[in-house]
Enquirer: 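Mind having a look at this structure? Questions to follow.
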Protein chains: 2
Amino acid sequence: MKLQARTPKELGHAIRQARKTQSLTQKDLAIKSGVWQETISKIERGVVATKIETVFDLLAALDMELQIQPRTKVDEADLEEIF
Amino acid sequence: MKLQARTPKELGHAIRQARKTQSLTQKDLAIKSGVWQETISKIERGVVATKIETVFDLLAALDMELQIQPRTKVDEADLEEIF
DNA sequence: CAATTTTATGATTGAAAGATCATATGAACT
DNA sequence: AGTTCATATGATCTTTCAATCATAAAATTG
């Protein structure tokens, strides 16, 4: 599973998707990552521009990592809001 | 160019590398991204855990983007500090 | 090596994130 | 429908980041 992110909102969606793929609740992830469930809720919805450390905490708990790469062409379908 | 990052320090290195590849000074990047040169300096050295928005601003100015993916196996060489 | 450019550091200030708790809304199941 | 589990919201407080300016140190170049 590979997910692009260019905005806090997209990042939130990606994190949520990764979490769901692993059948974890926000509470589960909160315990694994040390990040509060309330905070996870906000991050997943993109209502806060979180600190990168928090992102790393979440990704580590999800066994994921960040990769930085050249911008890829944007697919038409991706321009529409997913949620 | 694809660069992994699991910590603020690694992320900083990745950003610095991307910047240098494009022959930009911190000042150049500051102007393009709207992020202060002093802040870029700190981020590249990993001395601050920046906000994700700032990272997105920098990456956008560098025409790069984030990808979230499953953790890859760690290469021995990558365990040593680069700087 | 002197001058210029680039990067780092240090201090202050205002804004914002995360912890924390309490509660509300929503979903899923019996 | 009522209960339980999951997610969202709202408020307060502490901590921390980015802007800002000034300057120092390091690197580059003439």
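Order of the sequence lines sets the chain letters (A, B, ...), proteins ahead of strands, with each chain counted from 1.
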Enquirer: Take atom CD of A/Glu44 and atom C1' of D/dT9, then tell me their distance rounded to the nearest Å.
Expert: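 Whole-Å distance recorded here is 15 Å.
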Enquirer: Could you tell me whether B/Ser41 contacts a base, only the sugar-phosphate backbone, or nothing, with contacts defined as non-hydrogen atoms closer than 4.0 Å?
Expert: base
Enquirer: Among residues at least two apart in sequence or on other chains, which ones pass side-chain contact (heavy atoms from CB on, under 4.5 Å) with A/Asp63?
Expert: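 Expected list: B/Arg71.
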Enquirer: Quick one: side-chain hydrogen bond (donor to acceptor under 3.5 Å, both in side chains) partners of B/Glu38, sequence neighbours excluded?
Expert: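 Applying side-chain hydrogen bond (donor to acceptor under 3.5 Å, both in side chains) to B/Glu38 gives none.
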Enquirer: Specify the separation, in whole Å, of atom CD1 of B/Ile31 and atom P of D/dT20.
Expert: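 In whole Å, D/dT20 P and B/Ile31 CD1 are 14 Å from each other.
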Enquirer: List in numerical order all residues of residues 59-67 of chain B for which some heavy atom is under 4.0 Å away from an atom belonging to DNA chain D.
Expert: none
Enquirer: Which residues pass the side-chain contact (heavy atoms from CB on, under 4.5 Å) test with B/Ser33, not counting sequence neighbours?
Expert: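 Result, side-chain contact (heavy atoms from CB on, under 4.5 Å) vs B/Ser33: B/Leu29, B/Val35, B/Ile40, B/Leu58, B/Ala61.
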Enquirer: List in chain and number order the residues that pass salt bridge (charged side-chain N to carboxylate O under 4.0 Å, His left out) with B/Glu65, two or more places apart in sequence or in another chain; answer none if no residue qualifies.
Expert: A/Arg6
Enquirer: Using a 4.0 Å heavy-atom cut-off to protein, can you give one letter per nucleotide of nucleotides 19-30 of chain C, 5' to 3': B if the base is in contact, S if only the sugar-phosphate is, - if neither?
Expert: SBBB--------
Enquirer: List for me each residue that meets side-chain contact (heavy atoms from CB on, under 4.5 Å) alongside B/Thr21, sequence neighbours excluded, and say none if there are none.
Expert: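 B/Thr21: side-chain contact (heavy atoms from CB on, under 4.5 Å) contacts with B/Met1.
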Enquirer: Rounded to whole angstrom units, what separation is found between the CZ atom of B/Arg19 and the C1' atom of C/dA8?
Expert: 12 Å
Enquirer: Indicate yes or no: at least one non-hydrogen side-chain atom of B/Lys2 is less than 4.5 angstrom from one of A/Ile68.
Expert: no
Enquirer: List in chain and number order the residues that pass side-chain contact (heavy atoms from CB on, under 4.5 Å) with B/Lys20, two or more places apart in sequence or in another chain; answer none if no residue qualifies.
Expert: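 B/Lys20 satisfies side-chain contact (heavy atoms from CB on, under 4.5 Å) with B/Arg16 only.
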Enquirer: Quickly work out the B/Phe56 CZ to D/dA18 P distance and round it to whole Å.
Expert: 14 Å
Enquirer: Please check the phosphate of C/dG18 (OP1 and OP2 only) for any side-chain N or O of A/Thr50 closer than 4.0 Å.
Expert: yes
Enquirer: At less than 4.0 Å, is any side-chain N or O atom of B/Thr54 found next to OP1 or OP2 of D/dA18? Yes or no.
Expert: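 Answer yes for this pair, as a side-chain N or O of B/Thr54 is under 4.0 Å from OP1 or OP2.
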Enquirer: Can a side chain N or O of B/Arg16 be found less than 4.0 Å away from OP1 or OP2 on C/dA8?
Expert: yes
Enquirer: Return all side-chain donor-acceptor pairs below 3.5 angstrom for residues 47-57 of chain A, not counting sequence neighbours, or 'none' if the list is empty.
Expert:
none

Enquirer: Tell me: CD of B/Glu53 to C1' of C/dA17, nearest whole Å?
Expert: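 In whole Å, C/dA17 C1' lies 12 Å from B/Glu53 CD.
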Enquirer: Measure from CG on B/Leu29 to C1' on C/dT6 and round the result to the nearest Å.
Expert: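 Taking atom C1' of C/dT6 as the reference, CG of B/Leu29 is at 13 Å.
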Enquirer: Give me the atom names and distance for the closest heavy-atom approach of A/Gln17 to A/Leu3.
Expert: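 For A/Gln17 versus A/Leu3, the nearest heavy atoms are NE2-CD2, 3.8 Å.
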Enquirer: Between atom NZ in B/Lys27 and atom C1' in D/dA19, what is the gap in whole Å?
Expert: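 Rounded to whole Å, this separation is 12 Å.
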Enquirer: Please report the distance, rounded to the nearest Å, between NZ in B/Lys51 and P in C/dG14.
Expert: 15 Å
